[in-house]
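None of these values were measured; they are calculated from a predicted model.
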Amino acid sequence: TDASARHLAGRLGLVADRVRLAVDRRRSGDSDPDDRFRGLYVSDAQVDHLLHGGHGPLLGVGEDPGGSEARAAVEAEADAAEAAGAEVRLRRLARSFDLEPLDLELLLVALAPDLDPRFERLYGYLHDDVSRRRASVGLALELSGVGEGSGTGRARFGPLAPLVEGGLLVVEDADRPFLTRALRVPDRVAAHLLGDATPDPAVEALATTAVAHDAAGTDALEGGLRAGARLVYV
C-alpha cells in the first residue's frame, strides 16, 4: 500500500530488465561462456577476444524496446499516487536535488545491490570479476543506455554534479581508471528511500524544532529560500 515502495520497486524492476539484456550481450560475445573460473583470471581466449574487438565502450547500447513503455506505466502509477496526496520519496528526492532523468537512472543502478542482493552477483558477472559487487561508472553508464563513451554521462559523476555534490552518490577508488571506479549510495540515502526518517548522526545534534515568530524585514531571506538557497547565515 506504500506508493513510494511500489514506485521504487517498479524502477528497480526496470534496472533488472536492463541487467538481463546486458547479461545476454556478455554471453553472446563471450569467447568461453562455459569457463567455470570466469571472473577469476584472464584466459588466452579472452585476451584474443579483447584484442579483436570485444565489448566496444564508445557507443551506447540503447534501451530495450519495451523499456520506455514499462517506465511510463511505473511513472503513471506514481502520478496517480501523488495526485491523490501520497508522497513518492524517489520523486521528492529527484526534485529536491534537481536530478535529471539520467541522474535518477544512475542512482538506481548504484542503489540496486543495497536493496536486492541478487544484483551483487549479477554485477560481478557483468564486470567479469566476482569480487566487484557494486556497479562501476562504466557499468552504470551501460545499464543507463548512454554508453561509457558519453561525455554527458561521464559528467554526471563530476564533483559538482547533483548526485555527487548532494551526497547521494560516492565515487570510490580514485586510483582506478575512471570507468572501473565503484559507485556507492550512502546508507542514509537508501534508508530514506525505504521510509526511514532517522536523522543522520552528522546533523542530528544540530536539529531543532522550529518556533513561529513574527519578525520584520525578512523579505530578502524568504525570497532567497524560495529561490532555492541552501545555506543562509542569519
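Between Leu90 and Leu108 the shortest side-chain heavy-atom distance falls below 4.5 Å.
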TODO: Using the side-chain contact (heavy atoms from CB on, under 4.5 Å) rule, take Glu82 and Glu87 through it: C-alpha gap first, then chi angles, then the decisive distance, then the call.
DONE: CA-CA 6 Å; Glu82 287 189 324; Glu87 180 188 49; over 6 Å; no

Open item on the list: Checking Arg132 against Asp173 for the side-chain contact (heavy atoms from CB on, under 4.5 Å) test, could you report, in this order, the C-alpha distance in whole Å, the side-chain angles of both residues, the deciding distance, and whether it holds?
Closed with: CA-CA 12 Å; Arg132 306 211 67 200; Asp173 308 324; 3.8 Å; yes

- [ ] Step by step, work out the side-chain contact (heavy atoms from CB on, under 4.5 Å) result for Leu115 and Leu193.
- [x] CA-CA 10 Å; Leu115 302 185; Leu193 291 174; over 6 Å; no

Task: Stepwise side-chain contact (heavy atoms from CB on, under 4.5 Å) check, His192 with Leu93 - done: CA-CA 9 Å; His192 165 71; Leu93 188 80; 4.2 Å; yes

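Applying the salt bridge (Lys or Arg N to Asp or Glu O under 4.0 Å) rule to Glu204 yields no partners; only residues at least two apart in sequence or on another chain are considered. In terms of the side chain to side chain donor-acceptor pair (under 3.5 Å) criterion, Ser144 has no residue partners (sequence neighbours excluded).
Put simply, CG on Leu183 and OG on Ser136 are 7.0 Å apart, with the number rounded to the nearest 0.5 Å. The CG atom of Leu122 sits 6.5 Å away from atom CG of Leu126, with the distance rounded to the nearest 0.5 Å. The line from CG of Leu163 to CG of Asp98 is 11.5 Å long, rounded to the nearest 0.5 Å. Atom CZ in Arg71 sits 6.0 Å away from atom CZ in Arg11 (nearest 0.5 Å). Annotation: the span from Leu141 atom CG to Leu106 atom CG amounts to 6.0 Å, rounded to 0.5 Å. In this structure, the separation between CG on Asp103 and CG on Leu168 is 9.0 Å, given to the nearest 0.5 Å.
In this structure, Arg188 contributes its side chain and Thr198 its backbone to a donor-acceptor pair below 3.5 Å.
Listed here is the closest heavy atom pair of Arg156 and Pro162: NH2-CD, 3.5 Å. Of all heavy-atom pairs between Val146 and Gly153, the closest is CG2-CA, 4.5 Å.
Residues Leu99 and Val170 are members of separate hydrophobic clusters, defined by side-chain heavy-atom contacts under 4.5 angstrom among Ile, Leu, Val, Met, Phe, Trp and Tyr.
Salt bridge status for Asp219 with Arg226: absent, with no side-chain N to carboxylate O gap under 4.0 Å. Ion pair Arg18/Glu142 not flagged as a salt bridge, since none of the NZ, NE, NH1 or NH2 atoms sits closer than 4.0 Å to an Asp/Glu carboxylate oxygen. The existence of a salt bridge linking Arg134 and Glu120 is excluded, since no basic side-chain nitrogen approaches an acidic carboxylate oxygen closer than 4.0 Å. One finds a salt bridge joining Asp79 and Arg91 here, because a Lys/Arg side-chain nitrogen approaches an Asp/Glu carboxylate oxygen to under 4.0 Å.
For the ring-ring contact (aromatic ring centres under 6.0 Å, His included) condition, the pairs that include at least one residue of residues 73-124, sequence neighbours left out, are Phe119-Tyr123.
More than 12 heavy atoms of other shown residues, nucleotides or ligands fall within 6.0 angstrom of atom CZ in Arg176. Around atom CZ of Arg95, more than 12 heavy atoms belonging to other residues, nucleotides or ligands sit under 6.0 Å away.
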